[in-house]
Amino acid sequence: MSVSAVKNAPLSSVLNTFSQPGFKKWKGRSPLNVINPFENLQLRQRMPKCLIVGFAKCGTYALKSFLSLHPNLICAENETQFFSRFYFKGFAWYKRQMPFSSEHQITVEKTPSYAESKLALQRIHAFNSSIKLIVIVRDPVTRLQSSYAHFLARNKDPKLNFTFREWCGDNESIIHKIDYYSHLVNIYGLFDRDQVLVLSEEDLEADPFGVMQQVARFVGLKTAFTKDVFVFNSRKGFYCINTNNSKYKDVTTHIKTDPITGCLKKSKGRSHPNVDKSFLRHLASIALPHNENLFHIINKRFPWTTVEYFETMNS
Ligand code: A3P
């Protein structure tokens with residue numbers, strides 16, 4: 001980005017440019033040392049004050065991407081897995097993974113596996129006991145289908161050509177995959193309730209604008225979105241960023257979306273393979289008590305599929 005381009009660009013786009021991989025070479029040196037267009041902004045890499053800690057395949061990427069539209073929120077480009085896998089690299093390394101931000105911005109990092117590791121949660125608590133945590137959940141039966149679709153899309157080994165039933169494994173392995181409740185117990189055991197926001201993929205999918213407002217309130221910001229920030233794309237079957245709105249057109253260049261449609265990449269919003277309905281019914285019956293425990297602990301219900309729902313369908 002040239003100096004004149006920097007001067008004319010919207011602030012959010014300048015800051016996001018500094019968060020792109022090409023700028024990793026700054027390695028902690030402020031880019032202002034070189035360009036110096038906004039002396040008063042104090043652009044630097046800052047530790048996150050909010051983490052998206054779970055769960056994979058529950059819309060974490062859409063959530064992170066859409067949050068980046070808020071001028072006062074800036075998200076780390078990659079899942080650092082710092083508190084789970086790379087803790088040994090140290091806090092200086094972690095900070096270097098963060099985007100350059102102004103003092104008016106809150107840095108957000110997302111690593112969906114944090115919620116599933118008690119050790120990671122303990123480390124997060126030791127790092128900042130007042131940090132804000134966002135957890136996004138999804139109907140566990142749909143989540144399993146989403147994870148299976150993800151597995152099929154990535155698997156290149158013909159020997160691992162599992163059916164959905166094989167891939168899910170035995171009941172113990174299924175419970176491990178569908179039980180949000182025990183992870184929430186760990187989170188609430190360490191953090192105050194007002195530090196934890198539990199969202200659902202279903203709400204994010206149906207009303208991304210409403211969810212963005214909820215998150216803005218949760219982190220103590222005013223909402224900066226107008227209702228026309230998202231537009232439903234019937235081809236994709238999801239809400240996408242409204243590129244017809246000049247306010248958001250530019251933003252799609254650094255939030256990884258299709259610059260024309262404003263939709264997220266192909267791997268987000270895949271169609272799920274057809275699977276045996278009686279097995280889905282079985283999964284729903286295993287999930288039921290864990291879902292009820294979750295609804296109880298978070299004091300909120302989600303209209304997830306029930307055994308009865310699958311009984312109305314033909315196998
Ligand atoms: P599917 O691809 O199974 O439909 P994650 O980013 O945590 O891996 O979650 C991926 C899921 O995000 C997708 O699962 C999709 O259902 C969901 N999602 C929610 N809102 C979306 C949106 N606006 N565009 C694309 N995917 C979205």
Side-chain angles (χ1 to χ4, degrees), residues 50-70 75-81 84 108-117 120 133-155 164 167-168 177-178 180 183 197-215 225 227-245 248 251-252 255-275 280 283 287 302-305:
C50 176
L51 297 175
I52 300 171
V53 293
F55 288 89
K57 306 317 294 171
C58 294
T60 56
Y61 185 84
L63 178 64
K64 178 194 109 158
S65 305
F66 295 163
L67 286 182
S68 307
L69 294 168
H70 195 297
C75 300
E77 166 107 1
N78 298 314
E79 294 176 6
T80 70
Q81 303 183 56
S84 45
V108 180
E109 196 248 323
K110 120 166 149 87
T111 294
S113 57
Y114 287 159
E116 293 179 31
S117 159
L133 302 181
I134 301 178
V135 180
I136 181 160
V137 293
R138 181 182 197 176
D139 184 331
V141 178
T142 322
R143 181 178 175 227
L144 277 176
Q145 294 175 79
S146 172
S147 306
Y148 177 60
H150 182 75
F151 161 77
L152 290 181
R154 299 188 91 185
N155 179 39
F164 181 52
W167 177 84
C168 284
K177 291 181 178 119
I178 58 173
Y180 301 116
H183 305 306
L197 177 67
V198 182
L199 301 170
S200 81
E201 189 279 336
E202 291 81 8
D203 287 343
L204 177 69
E205 196 177 315
D207 180 18
F209 173 72
V211 171
M212 291 309 111
Q213 285 182 304
Q214 223 182 316
V215 176
F225 306 110
K227 210 154 187 175
D228 60 352
V229 56
F230 301 111
V231 63
F232 190 78
N233 183 305
S234 48
R235 214 161 155 198
K236 174 94 179 165
F238 286 90
Y239 276 96
C240 301
I241 299 170
N242 186 359
T243 48
N244 285 328
N245 185 329
Y248 304 115
V251 116
T252 62
I255 298 174
K256 283 190 203 150
T257 49
D258 184 298
I260 310 290
T261 64
C263 294
L264 299 184
K265 53 191 181 180
K266 270 196 204 143
S267 60
K268 303 297 170 187
R270 291 188 180 107
S271 48
H272 299 162
N274 267 335
V275 291
L280 293 179
L283 293 177
F302 299 117
W304 289 342
T305 44

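When a ligand or atom number is given, it counts from 1 through the structure's own listing order.
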* Please find out if less than 6.0 Å separates the ring center of Tyr239 from that of Phe66. => no

So the atoms of ligand 1 within less than 4.0 Å of a heavy atom of Ala62 turn out to be 20 (N), 21 (C)

Measuring only between side-chain heavy atoms, which start at C-beta, is Lys256 closer than 4.5 Å to Leu264? no

Within the 4.0 Å heavy-atom cut-off, what His272 brings close to ligand 1 is side chain

Short version for Thr60: what comes under 4.0 Å of ligand 1, heavy atoms counted, is both

To the nearest 0.5 Å, atom CZ of Arg138 lies from atom OG of Ser147 at 8.0 Å

Quiz prompt | Test log, rule side-chain contact (heavy atoms from CB on, under 4.5 Å), inputs Leu280 and Phe164 | solution = CA-CA 10 Å; Leu280 293 179; Phe164 181 52; 3.8 Å; yes

Can you see whether Tyr61 has Lys265 sitting over its ring - NZ or CZ less than 6.0 Å from the centre and within 45° of the normal?
yes

Among Lys268, Arg270, Arg138, closest by heavy atom to atom 16 (O) of ligand 1 is Arg138

- Task: Please verify whether a non-hydrogen atom of Lys64 lies at under 4.0 Å from ligand 1.
- Result: no

protein heavy-atom neighbour closest to atom 22 (C) of ligand 1 works out as Phe238 CD2, 3.5 Å

Result for side chain to side chain donor-acceptor pair (under 3.5 Å) between Lys110 and one of Thr80, Thr60, Asn78 points to Thr60

message: Between Trp304 and Val137, is there a side-chain heavy-atom distance shorter than 4.5 Å?
response: yes

Checking heavy atoms under 4.0 Å, the part of Glu201 that sits near ligand 1 is side chain

Candidates Gly59, Gly54, Ala153; heavy atom nearest atom 12 (O) of ligand 1 found on Gly59

Any heavy atom of Cys58 under 4.0 Å from ligand 1? The part involved is backbone

request  = Indicate, with yes or no, if the rings of Tyr148 and His272 have centres closer together than 6.0 Å.
outcome  = no

Among Ser267, Gly269, Pro208, Ser146, closest by heavy atom to atom 4 (O) of ligand 1 is Gly269

Report task. May I ask whether Ala149 has any heavy atom positioned less than 4.0 angstrom from an atom of ligand 1? Result -> no

| task | Begin with the C-alpha distance, continue with both residues' side-chain angles, and end with the deciding distance and a verdict on side-chain contact (heavy atoms from CB on, under 4.5 Å) for Gln145 and His150. | result | CA-CA 9 Å; Gln145 294 175 79; His150 182 75; over 6 Å; no

The protein heavy atom nearest to atom 23 (N) of ligand 1 is Tyr239 O, 2.9 Å

Heavy-atom contact check, 4.0 Å cutoff: does Phe66 meet ligand 1? yes

Q | Contact check: Ala56 vs ligand 1, nitrogen or oxygen atoms, below 3.5 angstrom | A | no

